[in-house]
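Worksheet for the structure shown next.
Throughout, a chain's letter reflects where its sequence line sits, starting with A, and its residues are numbered from 1.
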Amino acid sequence: SQKIEQNSEALNIQEGKTATLTCNYTNYSPAYLQWYRQDPGRGPVFLLLIRENEKEKRKERLKVTFDTTLKQSLFHITASQPADSATYLCAPSGSARQLTFGSGTQLTVLP
Amino acid sequence: DTAVSQTPKYLVTQMGNDKSIKCEQNLGHDTMYWYKQDSKKFLKIMFSYNNKELIINETVPNRFSPKSPDKAHLNLHINSLELGDSAVYFCASSQVTLKGEKLFFGSGTQLSVL
């Protein structure tokens with residue numbers, strides 16, 4: 001069965017450092033992978049989408065990589081800020097109708 | 001204007017009751033979804049509707065019945081509520097574009113069954 005693993009339930013880093021979150025998946029080959037941010041009491045918000053033929057995607061301080069051989073995506077936040085504190089969910093998928101989410105990594109950026 | 005809105009935000013009820021959660025999207029999307037997020041934060045798809053037609057129905061008890069009167073609305077009715085139904089339920093919508101298909105979520109309904 002399809003399985004998605006995100007690194008450690010919680011990640012604490014110091015403000016200004018780069019946060020790196022890992023998403024590993026097994027038993028399927030997604031055409032693309034999405035990352036979402038979820039704040040307490042709110043629904044997930046879309047951040048980035050990367051396709052299987054793309055190695056890297058950037059948006060402002062965010063960078064996502066997608067290695068289909070390793071079946072892994074890395075999500076980086078550079079120059080992290082306390083406002084970046086949230087839970088980040090990865091979702092490898094063939095389409096939104098097949099979107100399967102990981103349980104998320106809770107990131108805390110310490111001032 | 002809220003893109004995807006769902007009501008109520010909180011729902012506390014007794015076991016055995018019947019309750020409904022309403023969802024509306026003003027994005028003009030063709031597809032709407034219901035997701036369930038449990039206490040361990042796993043977000044699982046329950047149903048998906050495209051233009052009022054059911055296209056995905058995951059392994060969900062028959063007590064859960066979605067209803068889509070039009071493509072902007074997808075309501076969720078739950079009969080004979082059980083303790084295990086306690087969770088946060090999210091409505092979402094999506095539209096296929098050249099840039100891909102991404103989900104827009106509502107703010108969730110926290111259901112507590114006592």
Side-chain angles (χ1 to χ4, degrees), chain A residues 1-11 21 23 25 28 30-54 57-59 62 64 66 73 86-108, chain B residues 2-10 21 23-25 27 29-51 53-59 74 87-111:
Chain A
S1 62
Q2 298 175 355
K3 190 175 178 181
I4 303 168
E5 290 184 342
Q6 294 191 238
N7 64 321
S8 66
E9 287 187 11
L11 179 65
L21 284 61
C23 175
Y25 58 92
Y28 66 129
Y32 59 81
L33 189 146
Q34 302 185 32
W35 283 89
Y36 287 76
R37 168 182 172 145
Q38 185 174 21
D39 291 286
R42 309 293 293 273
V45 175
F46 172 81
L47 294 175
L48 281 168
L49 180 154
I50 185 166
R51 300 183 185 282
E52 59 180 339
N53 60 350
E54 297 175 313
K57 199 110 183 242
R58 292 176 184 260
K59 178 182 176 182
L62 308 180
V64 173
F66 192 11
S73 174
T87 296
Y88 292 85
L89 307 169
C90 76
S93 173
S95 74
R97 297 164 198 179
Q98 300 172 27
L99 214 54
T100 304
F101 287 86
S103 60
T105 297
Q106 186 175 330
L107 173 68
T108 301
Chain B
T2 304
V4 180
S5 59
Q6 54 182 109
T7 56
K9 175 73 174 173
Y10 300 97
I21 307 172
C23 179
E24 176 182 3
Q25 55 97 3
L27 296 166
H29 290 168
D30 289 332
T31 308
M32 295 185 71
Y33 311 79
W34 277 108
Y35 276 82
K36 177 180 180 180
Q37 189 169 44
D38 60 25
S39 57
K40 294 185 177 180
K41 303 301 182 185
F42 279 105
L43 198 59
K44 293 182 181 177
I45 190 167
M46 300 173 67
F47 301 102
S48 172
Y49 269 73
N50 182 258
N51 276 321
E53 291 190 16
L54 180 66
I55 55 173
I56 290 178
N57 182 352
E58 290 298 313
T59 308
L74 181 62
V88 182
Y89 293 84
F90 287 99
C91 177
S93 70
S94 73
Q95 186 76 19
V96 177
T97 69
L98 290 176
K99 294 184 178 180
E101 190 170 9
K102 61 187 184 186
L103 293 175
F104 291 80
F105 285 87
S107 58
T109 295
Q110 186 169 329
L111 172 64

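Rounding to the nearest 0.5 Å gives a distance of 8.0 Å between CZ of A/F46 and CZ of B/F104.
The number of heavy-atom neighbours closer than 6.0 Å to NZ of B/K9, taken from other residues, nucleotides and ligands shown, is above 12.
Among A/G41, A/S103, A/G102, the residue making the largest number of heavy-atom pairs under 4.5 Å with chain B is A/S103.
Interface remark: B/K44 contributes no atoms to any contact with chain A (heavy atom separation under 4.5 Å). Residue B/Q37 touches chain A through its side chain alone, counting heavy-atom pairs closer than 4.5 Å. Proximity to chain B is absent for every atom of A/Q106, based on heavy atoms less than 4.5 angstrom apart.
The shortest heavy-atom contact between B/F105 and A/P44 is CD1-O, 3.3 Å. Nearest heavy atom pair, residue A/Y36 against residue B/L103, reads OH-N, 2.9 Å.
Between the side chain of B/K41 and the backbone N or O of A/L89, no donor-acceptor pair lies under 3.5 Å.
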